[in-house]
A.B. asks: 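Have a look at this one.
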Amino acid sequence: WISDNIEGTNFDARSLNLAYCALDGPSLCKMSQNDMIGVFGPQLGPHLHQSLLKHKAKHGKSVALDFISHIYVFFLLGCLFSGLRTPESTSGESDPEFFSPFRRPTDLVIADILAPRGTHLWEFIRDILIYPEKNHGLLKWEDRREGVFKFLKSEAVAQMWGQKKKNSSMTYEKLSRAMRYYYKRDILERVDGRRLVYKFGKNASGWKLNELPSVM
DNA sequence: ATGCACTTTCCTGTTT
DNA sequence: TAAACAGGAAAGTGCA
């Protein structure tokens, strides 16, 4: 439900207050507009409130039960964000097992909710790297602190990029040309002699451990 | 309606 | 030899 509501707005889901992720359906239904604003902020709060009112009008008393079927989204967001801040920040190496109990059924849900706001290639790459749920072994950090990363499935990443841009003929060949243009703009730094390896430059933001999307 | 940023496409040549 | 890397050139796209 939240995913649907965020779609079509420019709201950045990364700024959600995830402390409230444990809300259940009935609690959510009891929230006033002010409650919503308190939890979701002045932008998304009223939007969700309106949507909830519509939903209530449509479905009457069954709404609370209805919500229970959607509310797992909150729970899983909580899992995701608590995970982001634990294993990787200390070891520098993400632990795929850490997420395993939650990953399988939720890949699509979380990927949708966390759909990147930016539409640029480097942001797309960055978001695959920082959200394990999106990764599927496509890319990996080579040096997390330095922002060095490597394409593990270059053609698959290109396909996904193409999918996002509604261009089924995207290839790594073409994607990499766009990557090379980033060198001039200091969004990427050259890493030479290492195939499929790139490094974020000083004009790339949002990838460092200390600037990961955080819980407010 | 036009300019601009950001690719996308294609290409020729080089390197690994 | 295949796959990547290098960039020039030009076309395409979405947005302000």
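None of the values given here were measured: they were computed from a predicted structure. First the proteins, then the strands, lettered A, B, ... as listed; each starts at 1.
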A.B. asks: Give me the ring orientation class for A:Trp161 and A:Phe124: parallel if the planes are under 30° apart, tilted from 30 to 60°, perpendicular past 60°.
C.D. replies: tilted
A.B. asks: More 5' along DNA chain B: A:Trp122 or A:Gly193, using each one's nearest nucleotide?
C.D. replies: A:Trp122
A.B. asks: Find the distance between CG (A:Leu175) and CE (A:Met170) and round it off to the nearest 0.5 Å.
C.D. replies: 6.5 Å
A.B. asks: Taking OP1 and OP2 of C:dC5, is either one under 4.0 Å from a side-chain nitrogen or oxygen of A:Tyr198?
C.D. replies: yes
A.B. asks: Tell me whether the side-chain N or O atoms of A:Arg177 pair up with the base of B:dT8 as donor and acceptor below 3.5 Å, since no angle test is needed here.
C.D. replies: no
A.B. asks: Under 4.0 Å between a side-chain N or O of A:Arg190 and OP1 or OP2 of C:dA6?
C.D. replies: yes
A.B. asks: How would you label the contact of A:Phe151 with the nucleic acid (heavy atoms, under 4.0 Å): base, sugar-phosphate, or nothing?
C.D. replies: nothing
A.B. asks: When hydrophobic residues are tied together by side-chain contacts of less than 4.5 Å, even through go-betweens, does A:Leu152 share a cluster with A:Leu138?
C.D. replies: no
A.B. asks: Nearest to the side chain of A:Arg185 - B:dC6, C:dA4, C:dA6?
C.D. replies: B:dC6
A.B. asks: From CE of A:Met179 over to C1' of B:dT9, roughly how many Å is that when rounded to an integer?
C.D. replies: 18 Å
A.B. asks: With a 4.0 Å cutoff (strictly under), does any side-chain N or O of A:Ser154 reach OP1 or OP2 of C:dA3?
C.D. replies: no
A.B. asks: Classify A:Leu121 by what it touches in the nucleic acid, base, sugar-phosphate, or nothing, heavy-atom distance under 4.0 Å.
C.D. replies: sugar-phosphate
A.B. asks: At under 4.0 Å, does any side-chain N or O of A:Asn167 touch on OP1 or OP2 of B:dT9?
C.D. replies: yes
A.B. asks: Taking the nucleotide of DNA chain C with the nearest heavy atom to each, does A:Tyr172 or A:Lys184 sit closer to the 5' end?
C.D. replies: A:Tyr172
A.B. asks: Just to confirm, is there a sub-4.0 Å distance from OP1 or OP2 of B:dT8 to any side-chain nitrogen or oxygen of A:Trp161?
C.D. replies: yes
A.B. asks: Between A:Lys153 and A:Glu155 (salt bridge meaning N to carboxylate O under 4.0 Å), is one present in this structure?
C.D. replies: no
A.B. asks: Considering only side-chain heavy atoms of A:Met170, which listed nucleotide, B:dT9, B:dT7, C:dA4, is closest?
C.D. replies: B:dT9
A.B. asks: Describe, in one word, how the ring planes of A:Trp141 and A:Phe149 are oriented to each other, choosing from parallel (under 30°), tilted (30 to 60°) and perpendicular (over 60°).
C.D. replies: perpendicular
A.B. asks: Quick one: does A:Tyr181 reach the base of C:dA9 with a side-chain donor-acceptor pair under 3.5 Å?
C.D. replies: yes
A.B. asks: Going from NZ on A:Lys199 to CZ on A:Arg190, what distance comes out if it is rounded to the nearest 0.5 angstrom?
C.D. replies: 14.0 Å
A.B. asks: Quick check on B:dT9: is either OP1 or OP2 less than 4.0 Å from any side-chain nitrogen or oxygen of A:Lys174?
C.D. replies: yes
A.B. asks: Side chain of A:His120 only, heavy atoms from C-beta on: which candidate in B:dC6, C:dA6, B:dT15 is closest?
C.D. replies: B:dC6
A.B. asks: Categorize A:Asp192 for me: base, sugar-phosphate, or nothing, with a 4.0 angstrom heavy-atom threshold over every strand shown.
C.D. replies: nothing
A.B. asks: If you only use heavy atoms from C-beta on, which nucleotide in C:dA4, C:dG7, B:dT7 is closest to the side chain of A:Leu196?
C.D. replies: C:dA4
A.B. asks: Please report, rounded to the nearest Å, how far the P atom of C:dA4 is from the CD atom of A:Glu173.
C.D. replies: 9 Å
A.B. asks: Counting side-chain heavy atoms from CB outward, which of C:dA4, C:dG7, B:dT7 is closest to A:Ala178?
C.D. replies: B:dT7
A.B. asks: When all nucleic acid strands are considered with a 4.0 Å heavy-atom cut-off, which category describes A:Ser176: base, sugar-phosphate, or nothing?
C.D. replies: nothing
